[in-house]
Amino acid sequence: MVVLGIDPGIETCGYGVIRGLGQRAEALAFGVVVTRRDTPTAGRLLKIHEALTDIMRQYSPDRVAVERLYFNRNVGSAIAVGEARGVALLVAAQHGLEVREYTPPEVKQAVSGFGGAEKQQVMRMVRTILGLGEERMRDDAADALAIALTGFFRAGWEAKAQ
C-alpha cells in the first residue's frame, strides 16, 4: 500500500509518500511545497495543486492522509491552512483516491503511542520507523510522513476489524 501524507499549509505544504508492506514501511519521497508570500493566494494554491498532482502521478498512492484542521487561535492562519487543505482534498478527489483525515493528537498517538507527544519525539519515531537516520528534513515533511504512517497503520487496523 502506498500512502501520501499531507501536512497542509499555504506557505509550506509538507508531503510524505510511504510504501507499507505488512508491518513495515519505507519512505519513497518527502519534502515541502513552498510558496512565496508576495504571490496572490490563488497563485499559491495553484502551485500546491500542481505539485500535489505531480506527486500523485509519480507515486500513484492508494490512499491519501491529510491533517485535519485543528483549533487555531490565529483565524487568518486557520483560513489559509483550510484553503490548502481544500486543495489537497481536491487533488485526491480528482484522482479518485480514498482520503482519511487525522488530528495532530491522533497522529502523535499512532506514531509515538502518546497523543500528547512532543514534536521532536514524533520526528524521532518517524525516523526510526522509516529507517531515515539523520537525513535532513523539514518539520512539515516530517509531519507529513507521520500523517502518512498514521494512514498506513489505520488501514491495517481497519482491515483487522473487518
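Just so you know, residue 1 is the first one in the sequence shown, and it goes up from there. As a basis for the values below, the full set of heavy atoms in this structure was taken, side chains included, without hydrogen atoms, waters or symmetry mates.
Under a hydrophobic-cluster definition in which Ile, Leu, Val, Met, Phe, Trp and Tyr are linked whenever side-chain heavy atoms come within less than 4.5 Å, directly or via other members, Leu90 and Tyr15 are assigned to different clusters. Both Ile129 and Val126 are assigned to one and the same hydrophobic cluster, defined by single-linkage of ILVMFWY side chains at heavy-atom distances under 4.5 Å.
Taken from CG in Asp62 to CD in Glu98, the straight-line distance is 9.5 Å, to the nearest 0.5 Å. Within the model, atoms OG1 of Thr35 and CD1 of Ile10 stand 5.5 Å from one another, a figure rounded to the nearest 0.5 Å.
Contact annotation: the side chain of Val32 never approaches that of Met137 to less than 4.5 Å [non-hydrogen atoms, C-beta and beyond]. Gln58 is not listed as a side-chain neighbour of Asp54, based on a closest heavy-atom distance of 4.5 Å or more. Side-chain contact between Cys13 and Ile48 is present, with heavy atoms from C-beta onward closer than 4.5 Å. Residues Val17 and Phe30 fail the side-chain proximity criterion, which asks for heavy atoms closer than 4.5 Å.
Checking side-chain atoms of Arg44 against main-chain N and O of Arg36 turns up a donor-acceptor pair under 3.5 Å. A donor-acceptor pair under 3.5 Å is formed between the side chain of Arg127 and the backbone N or O of Gly133. The main-chain N or O of Glu118 is never found under 3.5 Å from a side-chain atom of Lys108 such that the two would form a donor-acceptor pair. Side-chain N or O atoms of Thr12 include none that pairs as donor or acceptor with a backbone N or O of Val34 at under 3.5 Å.
Glu106 and Thr103 are linked by a side-chain donor-acceptor pair at a separation below 3.5 angstrom, with hydrogens and angles left out of the test.
For Gln94, the side chain to side chain donor-acceptor pair (under 3.5 Å) criterion is met by His49, not counting sequence neighbours.
Exactly one of Leu130, Val111, Asp7 qualifies for a side chain to side chain contact (heavy atoms under 4.5 Å, CB included) with Leu145. That residue is Leu130.
Among residue pairs with one or both ends in residues 87-97, none qualify as salt bridge (charged side-chain N to carboxylate O under 4.0 Å, His left out); sequence neighbours excluded. Evaluation of the salt bridge (charged side-chain N to carboxylate O under 4.0 Å, His left out) test over residues 9-29, restricted to residues two or more places apart or in two chains, returns Glu11-Arg37, Arg19-Glu26.
The pair Arg138-Asp143 does not count as a salt bridge, with every side-chain nitrogen at least 4.0 angstrom from each carboxylate oxygen.
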